[in-house]
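Sequential numbering from 1 along the given sequence is applied to the chain's residues. Owing to the predicted nature of the structure, the values given are computational and were not obtained by experimental measurement. All heavy atoms count here, side chains included; hydrogens, waters and symmetry mates do not.
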Amino acid sequence: MFISQELRKTNIAEYLLYMWQVEDIIRAYGLDLSRLRREYISRFELTDEQREDMIDWYGNLIRMMREEGKTQKGHIQILQIVTQQMAELHELLMQSPKFPFYSAEYYKVLPFIVELRSKGSKEVGEIETCLNALYGVMMLRLQHKEVSASTEAAVKEITTFLGMLSDYYKKDKEEGLKFEDD
């Protein structure tokens, strides 16, 4: 909870990846708040107030996942909206001549996106495809599975690209980006 609050302010892509992991943690505990409290939350060194806040936060996420039918897979609506906002900002950045470095980075990543989309869901947008790739590699690493050199190279480029998009997202939220000459 505390990590998500900080990431939401500083790096929106990392925030989404973190929250996807939280959704998976909740699923691993069977969407059972009592079990989460006993077996997971209890491991953190927290004040009583922080612990109660965390329990409330997980409880709200569990409620949303149940209400939205995301108990087995998928992402809750608030995370889908953030992903969509990132995709919309990406489109604005690509349409504007004021962001040539962003466009250049996108075109470096595009072959990886095309390859990933050919293997996965065609309905998923480019930004979500990039996020899915990073999340998948993160899960492989957590399971101590090998990641190929070509995948590592793709992840490096995707990370740079999403980092740039996250920086622009933050700047747009804080001060607003200008996409055209005024």
Side-chain angles (χ1 to χ4, degrees), residues 1-90 112-113 116-117 119-147 151-152 154-156 158-159 161-163 165-167 169-170 172-173:
M1 177 185 96
F2 307 108
I3 295 169
S4 74
Q5 291 169 342
E6 187 59 30
L7 287 175
R8 177 126 193 182
K9 292 182 231 167
T10 59
N11 188 314
I12 202 66
E14 287 182 16
Y15 163 78
L16 284 171
L17 295 173
Y18 177 80
M19 290 303 297
W20 289 2
Q21 187 176 22
V22 167
E23 288 174 321
D24 283 344
I25 288 168
I26 289 170
R27 289 183 187 111
Y29 285 94
L31 283 83
D32 183 337
L33 185 58
S34 297
R35 195 170 153 220
L36 253 169
R37 178 188 303 138
R38 192 174 56 253
E39 298 174 24
Y40 183 71
I41 297 171
S42 65
R43 292 193 247 163
F44 297 100
E45 290 186 29
L46 303 167
T47 66
D48 290 343
E49 183 180 344
Q50 287 173 324
R51 182 169 276 97
E52 288 307 311
D53 287 347
M54 186 174 266
I55 291 166
D56 288 346
W57 186 70
Y58 273 99
N60 286 328
L61 289 172
I62 290 168
R63 181 185 48 76
M64 285 185 259
M65 290 172 72
R66 283 190 175 127
E67 288 174 0
E68 297 176 23
K70 305 297 181 189
T71 59
Q72 300 298 313
K73 64 178 182 168
H75 307 296
I76 55 177
Q77 185 138 17
I78 57 172
L79 302 180
Q80 291 175 16
I81 290 168
V82 172
T83 305
Q84 183 60 37
Q85 289 171 341
M86 288 179 71
E88 289 167 3
L89 178 59
H90 164 71
F112 302 121
I113 295 171
L116 289 165
R117 290 181 84 185
K119 296 176 183 175
S121 173
K122 311 287 186 279
E123 292 83 48
V124 174
E126 293 178 329
I127 301 304
E128 190 169 351
T129 297
C130 290
L131 290 163
N132 284 336
L134 295 186
Y135 191 75
V137 169
M138 185 174 80
M139 290 296 103
L140 288 174
R141 288 179 179 148
L142 285 172
Q143 297 167 18
H144 305 290
K145 293 186 177 172
E146 191 172 326
V147 178
T151 299
E152 288 287 358
V155 163
K156 185 176 184 219
I158 291 169
T159 299
F161 170 66
L162 286 179
L165 181 56
S166 291
D167 289 345
Y169 184 95
K170 181 181 178 199
D172 191 43
K173 292 293 179 202

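- Here the closest non-hydrogen pair linking I127 and A87 is CG1-CA, 3.8 Å.
- Of the listed residues (M65, K70, Q72), just one forms a side-chain contact (heavy atoms from CB on, under 4.5 Å) with L31, and that residue is M65.
- When side chains are defined from C-beta on, M86 counts as touching L16, because their heavy atoms get closer than 4.5 Å.
- Shortest non-hydrogen contact noted between L79 and H75 is CB-CB, 4.4 Å.
- Within the 4.5 Å cutoff, side-chain heavy atoms of Q84 are placed close to those of E88.
- In this structure, E52 and D48 have side chains that are not in contact, with every pair of non-hydrogen atoms separated by 4.5 Å or more.
- Residues Y135 and Q21 form a side-chain contact, since some pair of their non-hydrogen atoms from C-beta on lies under 4.5 Å apart.
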Check the pair E128 / R117 against salt bridge (Lys or Arg N to Asp or Glu O under 4.0 Å), numbers first and verdict last. CA-CA 10 Å; E128 190 169 351; R117 290 181 84 185; over 6 Å; no
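- Using a 4.5 Å cut-off on side-chain heavy atoms (C-beta onward), W20 and N132 make contact.
- Contact of the W57 side chain with the V22 side chain is registered, since non-hydrogen atoms from C-beta on lie closer than 4.5 Å.
- Taking 4.5 Å as the limit, some side-chain heavy atom of T151 sits within range of a side-chain heavy atom of V155.
- Between D24 and R27 there is a salt bridge, since at least one side-chain N of the basic residue sits less than 4.0 Å from a carboxylate O of the acidic one.
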